[in-house]
Amino acid sequence: QVQLVESGGGLVQAGGSLRLACTGPGRSFSTYYMAWFRQAPGKEREFVAIISWAGDTTYYADSVKGRFTISRDNAKNTVSLQMNSLKPEDTAVYYCAADPIRRTTPRGYDYWGRGTQVTVSS
């Protein structure tokens with residue numbers, strides 16, 4: 001069972017930055033694609049970014065491309081999401097997810113963190 005724990009959320013003004021982190025246990029971490037999703041109140045969970053096992057391939061939602069950067073450190077079992085130029089519409093609970101298969105929809109992910117709140121004020 002893979003357990004994921006997110007951290008780094010908070011309140012920030014529009015235009016500001018936050019860095020989220022997600023940690024997972026054990027030797028299996030490097031065999032998973034790692035992704036970030038987010039869910040705003042009253043909306044469905046949506047894809048944000050994904051990174052390959054080795055960290056050499058990334059893919060982003062159009063809404064965050066050029067502002068967010070996903071990275072991973074397999075030696076530390078950590079995946080990060082650097083969020084710059086934040087907008088009020090980025091306000092959501094952000095979730096870390098892991099799966100052996102590359103997926104850009106939440107359906108099918110076996111492993112999720114509990115989420116961390118990001119609030120961007122205007």
Side-chain angles (χ1 to χ4, degrees):
Q1 183 73 24
V2 175
Q3 297 176 332
L4 307 175
V5 179
E6 303 98 336
S7 61
L11 173 64
V12 65
Q13 289 188 334
S17 298
L18 281 175
R19 186 177 181 88
L20 306 183
C22 171
T23 59
R27 56 187 178 273
S28 62
F29 182 84
S30 62
T31 67
Y32 288 94
Y33 282 87
M34 299 299 299
W36 288 95
F37 289 80
R38 66 186 182 186
Q39 188 166 17
K43 294 187 177 181
E44 294 185 351
R45 192 168 298 189
E46 65 174 4
F47 168 77
V48 175
I50 189 169
I51 189 166
S52 60
W53 306 330
D56 55 350
T57 303
T58 58
Y59 180 72
Y60 298 90
D62 287 344
S63 58
V64 307
K65 198 174 297 182
R67 300 187 297 122
F68 290 12
T69 302
I70 189 171
S71 60
R72 69 189 295 164
D73 184 340
N74 289 338
K76 296 182 179 179
N77 291 347
T78 301
V79 60
S80 299
L81 185 69
Q82 177 67 42
M83 305 185 295
N84 299 328
S85 303
L86 282 161
K87 305 175 181 179
E89 52 263 43
D90 294 319
T91 295
V93 177
Y94 282 70
Y95 297 91
C96 176
D99 199 89
I101 299 173
R102 181 185 183 275
R103 306 178 191 273
T104 57
T105 60
R107 182 177 299 178
Y109 271 88
D110 289 336
Y111 308 113
W112 292 91
R114 294 187 176 183
T116 184
Q117 176 70 46
V118 171
T119 303
V120 184
S121 64
S122 57

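What you are looking at is a predicted structure, and each value in this text was computed from that prediction instead of being measured.
Contact check on R114 versus E6 returns no salt bridge, with no Lys/Arg side-chain nitrogen under 4.0 Å from an Asp/Glu carboxylate oxygen. A salt bridge links K65 to D62: one of the charged nitrogens lies within less than 4.0 Å of a carboxylate oxygen.
Of the inter-residue distances, the one linking N77 atom CG with S30 atom OG reads 8.0 Å to the nearest 0.5 angstrom. A distance of 9.0 Å separates CZ of F68 from OG of S85, quoted to the nearest 0.5 Å. Here the straight-line distance linking atom OG of S71 with atom CE of M34 works out to 11.5 Å at 0.5 Å rounding. Taken to the nearest 0.5 Å, the CD1 atom of I50 stands 10.0 Å off from the OG1 atom of T58. Atom CZ in F47 sits 9.0 Å away from atom OH in Y60 (nearest 0.5 Å). Between the OG1 atom of T31 and the CG atom of D99 there is a distance of 10.0 Å, given to the nearest 0.5 Å.
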Using the rule given for side-chain contact (heavy atoms from CB on, under 4.5 Å), can you reason through F37 versus Y94, listing the C-alpha separation, both sets of side-chain angles and the distance that settles it, and then say yes or no? CA-CA 6 Å; F37 289 80; Y94 282 70; over 6 Å; no
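No more than 12 heavy atoms of other residues, nucleotides or ligands lie within 6.0 Å of NZ in K43, so this atom counts as exposed by the packing criterion.
Put simply, the side chain of Y109 reaches to within 4.5 Å of the side chain of R103, judged on heavy atoms. Residues R45 and T105 form no side-chain contact, since every pair of their non-hydrogen atoms from C-beta on lies 4.5 Å or further apart.
Both the sub-6.0 Å distance and the 45° axial angle are not jointly satisfied by R72 relative to the ring of Y32. The side-chain tip of R102 points at the ring of Y59 from less than 6.0 angstrom away and within 45° of straight on.
Y95 and W112 have perpendicular rings, their planes meeting at more than 60° on a 0 to 90° scale where under 30° would count as parallel.
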Please tabulate, for the side chains in residues 11-18, all donor-acceptor contacts under 3.5 angstrom to protein atoms that are two or more places apart in sequence or on a different chain.
{"from": "S17", "atom 1": "OG", "to": "N84", "atom 2": "OD1", "distance (Å)": "2.9"}

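Here the rule is side chain to side chain contact (heavy atoms under 4.5 Å, CB included) with T116, and of V93, L81, L20 only L20 fits it. For the side chain to side chain contact (heavy atoms under 4.5 Å, CB included) with R67, the qualifying choice from K87, Q82, M83 is K87, the only one to do so.
A donor-acceptor pair under 3.5 Å is absent between the side-chain atoms of S80 and the main chain of A21, judged by distance alone.
Within the structure, the disulfide (SG to SG under 2.5 Å) test picks out the following pairs touching residues 52-122 (sequence neighbours left out): C22-C96.
Of all non-hydrogen atoms in T91 and V120, the two that sit nearest each other are OG1-N, 2.9 Å. Looking at every heavy atom in both residues, I70 comes nearest to W36 through CD1-CD1, 3.6 Å.
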